[in-house]
There are 2 protein chains.
Amino acid sequence: MSSELTEPGTGPTGAAPTLSEVAKRAGVSSITVSRVVRMPDLVAPETRARVEQAMRDLGYVPNLVAGALASARTNSVGVLVPTIANSIFADTVQGLSDKLEPLGFSVILAQSRYDAVREDRMLAALLSRRPEAIIMVGSPATEDGTRLLRNARIPIVETWDLPASPIDAVAGFDNYKAGIAVAKHLVAQGRKQLAFIGGDDPRGTRRWLGFRDEALASGLAEPRRLILDRKDSGSVAAHARLPGVDAVFAANDAHAIGFMSGLRKAGVLRDGPASAQPVAVIGLGDLEMGQLISPTLSTISVHGDAIGRTAATLTLERGGERRIDLGFELVLRDSG
Amino acid sequence: MSSELTEPGTGPTGAAPTLSEVAKRAGVSSITVSRVVRMPDLVAPETRARVEQAMRDLGYVPNLVAGALASARTNSVGVLVPTIANSIFADTVQGLSDKLEPLGFSVILAQSRYDAVREDRMLAALLSRRPEAIIMVGSPATEDGTRLLRNARIPIVETWDLPASPIDAVAGFDNYKAGIAVAKHLVAQGRKQLAFIGGDDPRGTRRWLGFRDEALASGLAEPRRLILDRKDSGSVAAHARLPGVDAVFAANDAHAIGFMSGLRKAGVLRDGPASAQPVAVIGLGDLEMGQLISPTLSTISVHGDAIGRTAATLTLERGGERRIDLGFELVLRDSG
DNA sequence: TTGTTCCATGTTAGCGCTAACATGACGTGA
DNA sequence: TCACGTCATGTTAGCGCTAACATGGAACAA
């Protein structure tokens, strides 16, 4: 490639300027330009000024792809979430990138859409970009995915759960115990006919199991379980399918709020406190929205952004505790 | 580097296996392995099978960093949003990655947090990874940012607005007209004292301007404008700061719902239709939540995911219309 | 037979950068 | 004076892969 492609002062022509074009213009070797970019302290002030001027003249933007290949450091992390839209996982992504971006790491984002095949594909796609760590919601759904991650020899952080045998690091909470806590509370409130609504993804299922086990242990009948699509709108109609039920644990706040909307339409929602509700509703996630509606939503509060920030930390430091339980909190408001 | 580092059957040791290690094991040259990965049709079936076996044996994961450098194609797009948490932009990111991921593109995500300095930094960081396109919400806040993008010589898609002189492509809607539409509706409804609540980011400001101009043109007094933090909770208290106001346009649904919550606490929210509301409230975004609360939220409906998918399309095809107005729709429910 | 075409595979060079190791100029203390 | 350290800069090789151009054989028509 001819270096004459780029004429100074005329704006960019064909190709982006390279290190050695900057070097030539500044009258130094390319390694000196590289040092100005990465370790400016090692370069004499006058030389540095000359190089910086040349970079400005040419509009030089370092090529991290080449840099990554040469140095075997990509300064990137792969992030895999089921979905980012309309979900609390966005908080986790926000949290982790707030921590990683200032350190020069880029976030490569992939979505599995709760699909095991797509998850494996995305995992492979992420790994082929040689991220320095992978942060994912949950655990790989397949053996293949697990093997892929295990062989990658980079920090792997599983989040939003506490898997029994994690691949590497974990930042999450105990979904089973969350289910127990909700059931305990509803039993103490004198509720008799419990139900669970939500998806059947691994974490939702663990919430369900804790909820069911505790209800049974308390001598109640087995709670009903209504498996809903991702679309919240399904939960609006859920009430009609749960006759006789006097307490509902929704797998997340969106489902809970949708369900409450159905209750309102059916005329079984009061503006008073939990004790006045014909049907108690508890959510999970503690969306801000839950405090804005009436009645205010009781929920299991989980700090999605703290999970993200903790995951980022686990990514950076290899030593220390690799299993962080961020816990949860039952926040009681007016809905149940 | 010694290729003896990787012993077959013993799991991965030091370094990840390379193309040429696979080639050696399969008894072919490395270009043949490369072809098996990228254009399998060019390789004879028996050879292909042998190579595929070798890849499996070694747990080979292609190194796209090296591939990108050699081919000058990174198969990635940079995406810059103000924030991803708790926001409609998540829909846009979802929409565009749903379109791009199946095509083998990765999404590199960056957040500006509504901060011009951080935006420029993130833009430079994105460009140094040599994405094949940049999709951003809005337009660069600074001249530097604009220049950076202009010189990058890749497709640039600005979204969520219709800038007068875009850098390249646009997928959005007219925020000014949205403001007009809301004001027109409120005037027709007989409201007299309008107010606008929300942020002062460029798009929010354009909504405000349209809203104000239309109110003035209709002979109303200049509407009040309350600039709020990103935190929705601010909008709960907003009512107290707007005495006499009988109609509010909130820059987004989250603010609208927060404001309605404040109205409820103040006892100025009815369960009836819009005409019964002492204070009309219109949002923007059409969150699903708006239909679940009571009264249901009137809003400017904007399809965040369609914006994302359209932006992705603009990224892929260089010809054709480069300015797509996806419009908006005033959806009237019970809040105003 | 002798091109000619096609197919499967190989060789060579280099993408833009950085790690690791020179190099040479200049003090500095004994 | 000179061996030695220090500082600023340079040289060399190579990261793992792919584009572009060979190569050599089989198939086939004239």
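Order of the sequence lines sets the chain letters (A, B, ...), proteins ahead of strands, with each chain counted from 1.
One interatomic measurement links the two molecules: CG of B/Asn63 to P of C/dG16, which rounds to 17 Å at whole-angstrom precision. Atom CZ in B/Arg48 sits about 12 Å away from atom C1' in C/dA8, given to the nearest Å. A straight line from CE of B/Met39 to P of D/dA19 spans 7 Å, rounded to a whole angstrom. Taking atom CD1 on A/Ile31 and atom C1' on D/dT12, their separation rounds to 11 Å, with Å as the unit. The distance from atom CG of B/Asp41 to atom P of C/dC6 is 18 Å, rounded to the nearest whole Å. Distance A/Leu42 CG to C/dT23 C1': 16 Å, rounded to the nearest Å. Taking atom CZ on A/Arg129 and atom C1' on D/dG16, their separation rounds to 15 Å, with Å as the unit. To the nearest angstrom, P of C/dA8 lies 14 Å from CZ of B/Arg50.
The nucleotide whose nearest atom lies closest to any side-chain atom of B/Arg38 is, among D/dG10, D/dG16, D/dT18, D/dT18. Closest to the side chain of B/Arg35, from the set D/dC17, D/dA20, C/dA20, is D/dA20. The side chain of A/Leu69 approaches D/dG16 more closely than any other nucleotide in the set C/dC17, D/dT18, D/dG16. Taking only side-chain atoms of B/Ser34, from C-beta outward, the nucleotide of C/dC17, C/dA19, D/dT18 with the closest atom is D/dT18.
Counting any heavy atom pair closer than 4.0 Å across all strands shown, A/Thr47 reaches sugar-phosphate atoms only and no base atom. Within the nucleic acid shown, A/Val28 comes within 4.0 Å of sugar-phosphate atoms alone, with no base atom in reach, counting heavy atoms only. Residue A/Ala44 is classed as a sugar-phosphate contact, given heavy-atom separations below 4.0 Å to backbone atoms only.
Distances shown here put every side-chain N or O of B/Arg73 at or beyond 4.0 Å from the OP1 or OP2 atom of D/dC17. Within the 4.0 Å cut-off from OP1 or OP2 of C/dG10, at least one side-chain nitrogen or oxygen of B/Ser29 is found. The phosphate of C/dT9 (OP1 or OP2) has no side-chain N or O of B/Thr32 nearer than 4.0 angstrom.
A residue-by-residue look at A/Tyr60 and B/Gly27 shows that B/Gly27 has its nearest nucleotide of DNA chain C further toward the 5' end.
How far CD1 of B/Ile156 is from CZ of B/Arg322: 10.0 Å, rounded to the nearest 0.5 Å.
A salt bridge does not link A/Arg309 to A/Asp98: none of the charged nitrogens lies less than 4.0 Å from a carboxylate oxygen.
With hydrogens and angles ignored, no donor-acceptor pair closer than 3.5 Å exists between the side chain of A/Arg130 and the base of D/dG16.
For the residue pair A/Gln94 and B/Arg113, a side-chain donor N or O sits within less than 3.5 Å of a side-chain acceptor on the partner.
Under the 4.5 Å side-chain criterion, counting only non-hydrogen atoms from C-beta, B/Ile108 is in contact with B/Leu126.
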For B/Arg50 and B/Gln53, run side chain to side chain donor-acceptor pair (under 3.5 Å): C-alpha distance rounded to whole Å, both residues' side-chain angles, the deciding distance at 0.1 Å, then the answer. CA-CA 5 Å; B/Arg50 209 148 26 93; B/Gln53 186 58 51; over 6 Å; no

